K.L.:
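Dumping the structure here so I can ask a few things about it.
In this text, all values refer to a predicted model and were calculated from it rather than measured experimentally. Labels below follow one simple rule: chain letters A, B, ... track the order of the sequence lines, proteins then strands, and each chain is numbered from 1.
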Number of protein chains: 2
Amino acid sequence: MKIDPKSSADLSAQISQSIKSAIINGDLIVDQRLPSESELADHFEVSRPTVREALKRLAAQSLIRTQRGATGGAFVNRLSFEDAYAQQVTTSTLLLSMNEVSFQTACEARYALERACAPLSAQRRNADQLATMRAEIFRQGQPELSDEAFCASDVAFHRALVDGAANPVLSYQLAGAVEAMQPLMNMITFSARDRARIVALHCQIADAIDLGDGAAASDGLQALEKETLSLAQKVFETRSTKSPPPQAG
Amino acid sequence: MKIDPKSSADLSAQISQSIKSAIINGDLIVDQRLPSESELADHFEVSRPTVREALKRLAAQSLIRTQRGATGGAFVNRLSFEDAYAQQVTTSTLLLSMNEVSFQTACEARYALERACAPLSAQRRNADQLATMRAEIFRQGQPELSDEAFCASDVAFHRALVDGAANPVLSYQLAGAVEAMQPLMNMITFSARDRARIVALHCQIADAIDLGDGAAASDGLQALEKETLSLAQKVFETRSTKSPPPQAG
DNA sequence: ATGTTTTTATTTGTCTGACATTTAAAAGTC
DNA sequence: GACTTTTAAATGTCAGACAAATAAAAACAT
């Protein structure tokens, strides 16, 4: 584990990269303790604050955890699905909000991926998952529900659909696609009629899952994508002719 | 932007979280300059090193970039697809290597997601994409190719397939699923006959894309998944009866 | 001998103050 | 006006110190 003294990059960046590589290629294994900050400082021939900056970079990526005290130190962290999931949602959300991705592009990606889950989800459906889907559908039928809460329930419904595939890798990969759309959806105003159509499609999908019919669930998702797109188009047309660019909140 | 003095968490973690939230909910916009380190230190009532640790945490997530000099400082960074892509590959790779995910689970997720791209990719196919796919197929036919290079070419082939969907969000979401499998694939030894079967399926898929037949491409992927799984199963059976647990490298 | 308390050593967390380096703008010079 | 020099502001780095947490070791009491 060494750093290049001629490199122009920050020392802390070089050090964190060096340790990161060691973790990735297995030189440092899960729960292994790194040398203390002072030892690292000696090893890399830098000061302790510089080492600390490097370690904080790694901590920000959940690659290490630190513990104070006599037997404390920095330990290689087992990256959990939970941590990765949260990172994925944040990254995807920022990616969409910072890069002028069209609603259509994001929507297409999301539904393409969800349809990929449908057959597995239908095949492995379980009572919990179906109960969640039904509960969210019921919630979505309540007329007093705010648009924002309606969107949140929509996300919960789709998450249940995805998690039903009982494949944690799949759930993780889809986390971003499903949740990052929420801010975009929040820009839409759902009329009672809009909601009714969406709820009907949700029912159709839940029924298909219930019957173990993946193809039918996939068809339902396709219809839902079309519905969502047309709703969004209506909103953006109105916005572009009547008012300044959309502002979230 | 404030922090809780009663919290037990690290000050630098609190500060980075506070700034991160400000970025996510739009209080800080892309390319906006943050206050200088000294000003932030005054604002949060901490020392400059603590502020710096917080900023390094953000830099590690590509949320800010820093610039030295008179008009320098920390700026909110536009998260690029490229950056997000790299993050996604690293995270997915570590997730698989640290969590005893079965080959089958990872494989299932990967091919399910790839099949989701097939129809779009077939519909929007272009000369570049097809040329890449054909070139990788040719490379895979060279007998002197090492197993590792064969796997790398395999990844390149699949990336071309995914990128053919011409949806950057989709490409980003699939980056992890496709590339994180490579270390797992590298544990497999491909006989000449194995390679021939895989190349044949790659041809079948490329032809289907060429013809704009998404369903056929999807079928090809399904066959390839089955082939890959049976290969892997063969390897793991041999390993478990004849030798100690697999060790990469 | 055993259980409890105290001490001690180690490690991370934080602060202060300083200097080096980079960079763009301002001031000076021809 | 064009070029050079100076200056100021910002990040990057360092050194040394103290605070706080924590577990092990030592001391003590029973």
Side-chain angles (χ1 to χ4, degrees), chain A residues 1-20 23 28 30-77, chain B residues 1-20 23 28 30-77:
Chain A
M1 272 204 328
K2 282 188 179 164
I3 58 177
D4 177 11
K6 279 165 293 189
S7 169
S8 65
D10 292 358
L11 291 176
S12 71
Q14 291 182 61
I15 293 169
S16 81
Q17 183 56 53
S18 168
I19 297 176
K20 183 173 178 177
I23 294 174
L28 293 170
V30 167
D31 291 335
Q32 186 172 341
R33 183 182 176 279
L34 271 63
S36 74
E37 294 176 354
S38 308
E39 288 168 333
L40 286 170
D42 288 344
H43 174 73
F44 289 112
E45 299 181 312
V46 298
S47 67
R48 220 190 109 200
T50 301
V51 166
R52 281 183 62 80
E53 286 177 11
L55 293 180
K56 293 314 164 200
R57 292 178 115 111
L58 297 173
Q61 300 170 270
S62 302
L63 295 182
I64 61 168
R65 60 178 188 279
T66 55
Q67 208 172 1
R68 296 173 76 166
T71 58
F75 299 83
V76 178
N77 192 38
Chain B
M1 271 200 330
K2 283 189 179 165
I3 58 177
D4 177 11
K6 278 165 292 186
S7 168
S8 66
D10 293 1
L11 291 175
S12 70
Q14 291 182 59
I15 293 170
S16 81
Q17 184 54 53
S18 168
I19 298 176
K20 184 173 177 177
I23 293 174
L28 293 170
V30 167
D31 291 334
Q32 185 172 342
R33 183 182 176 280
L34 271 63
S36 74
E37 295 176 353
S38 308
E39 288 168 332
L40 286 170
D42 288 346
H43 175 73
F44 288 111
E45 300 181 312
V46 298
S47 67
R48 220 188 112 204
T50 300
V51 166
R52 281 182 63 79
E53 286 177 11
L55 294 179
K56 293 313 165 199
R57 292 178 114 110
L58 297 173
Q61 300 171 270
S62 301
L63 295 183
I64 62 168
R65 60 177 188 279
T66 55
Q67 211 173 0
R68 296 175 72 165
T71 57
F75 298 83
V76 178
N77 192 40

K.L.:
I need the CD1-P distance between A:I15 and D:dT13, as an integer number of Å.
P.N.:
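So the two atoms are 8 Å apart, to the nearest Å.
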K.L.:
With rounding to the nearest 0.5 Å, note down the distance linking OG in A:S16 to NZ in A:K56.
P.N.:
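Output value for this atom pair is 13.0 Å.
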K.L.:
B:D10 CG to C:dT11 P: how many Å, rounded?
P.N.:
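From B:D10 CG to C:dT11 P: 18 Å.
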K.L.:
Expressed in angstrom and rounded to an integer, what is the separation of B:R52 atom CZ from C:dT14 atom P?
P.N.:
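B:R52 atom CZ is separated from C:dT14 atom P by 16 Å.
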K.L.:
Could you pull out all residues at least two apart from B:T50 that satisfy side chain to side chain donor-acceptor pair (under 3.5 Å)?
P.N.:
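Partners of B:T50 by the side chain to side chain donor-acceptor pair (under 3.5 Å) criterion, ordered by chain and then number, come out as B:S47.
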K.L.:
Got a sec? Which of residues 57-65 of chain B come in under 4.0 Å of DNA chain C, heavy atoms?
P.N.:
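Here the set is empty: none.
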K.L.:
Not counting sequence neighbours, which residues clear side chain to side chain contact (heavy atoms under 4.5 Å, CB included) with B:R33? List them please.
P.N.:
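Result, side chain to side chain contact (heavy atoms under 4.5 Å, CB included) vs B:R33: B:S36, B:F75.
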K.L.:
Looking only at non-hydrogen atoms, find the nearest pair between A:I3 and A:S18 and report the distance.
P.N.:
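The answer is CG2-CB, 4.4 Å.
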K.L.:
Atom CZ of B:F75 and atom P of C:dA24: how far apart are they, to the nearest Å?
P.N.:
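Rounded to the whole Å, the gap is 10 Å.
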K.L.:
When rounded to the nearest 0.5 angstrom, what is the spacing between CG in B:L58 and CG in B:N77?
P.N.:
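Result: 11.0 Å between the selected atoms.
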K.L.:
Got B:L63 and B:I19 here, is their nearest side-chain heavy-atom distance under 4.5 Å?
P.N.:
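They are not in contact (no side-chain heavy atoms under 4.5 Å apart), so the answer is no.
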K.L.:
Check the phosphate of C:dT11 against A:T66, side-chain N and O only, distance under 4.0 Å to OP1 or OP2. Yes or no?
P.N.:
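No, outside the criterion.
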K.L.:
Would you give the length of the straight line joining atom CD1 of A:I64 to atom CG of A:L34, rounded to the nearest 0.5 angstrom?
P.N.:
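If I round to the nearest 0.5 Å, the distance is 6.5 Å.
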K.L.:
Taking only residues two or more places apart in sequence, or in another chain, which ones meet A:Q17 in a side chain to side chain donor-acceptor pair (under 3.5 Å)?
P.N.:
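Testing A:Q17 for side chain to side chain donor-acceptor pair (under 3.5 Å), a comparison that skips the adjacent residues, returns A:S21.
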K.L.:
With sequence neighbours excluded, give me every salt bridge (Lys or Arg N to Asp or Glu O under 4.0 Å) pair touching residues 34-48 of chain B.
P.N.:
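Listed once each, the pairs are B:E37-B:R48, B:E37-B:R52.
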K.L.:
Name all residues meeting the salt bridge (charged side-chain N to carboxylate O under 4.0 Å, His left out) criterion together with B:R65; count only those two or more places apart in sequence or in a different chain, and write none if there are none.
P.N.:
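B:R65 satisfies salt bridge (charged side-chain N to carboxylate O under 4.0 Å, His left out) with B:D31 only.
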K.L.:
Can you pull every protein N or O that's under 3.5 Å from an N or O on nucleotides 14-17 of chain D?
P.N.:
residue, atom, partner, partner atom, Å
D:dC14, OP2, A:S47, N, 3.0
D:dC14, OP2, A:S47, OG, 3.2
D:dC14, OP2, A:T50, OG1, 2.8

K.L.:
When you check every protein heavy atom under 4.0 Å of nucleotides 3-10 of chain D, what one-letter string (B, S, -) results, 5' to 3'?
P.N.:
------BS
K.L.:
Could you tabulate the donor-acceptor pairs under 3.5 Å formed by side-chain atoms of residues 8-15 of chain A, not counting sequence neighbours?
P.N.:
residue, atom, partner, partner atom, Å
A:S12, OG, A:R57, NH1, 2.6
A:Q14, OE1, A:D4, N, 3.3
A:Q14, NE2, A:A9, O, 3.1

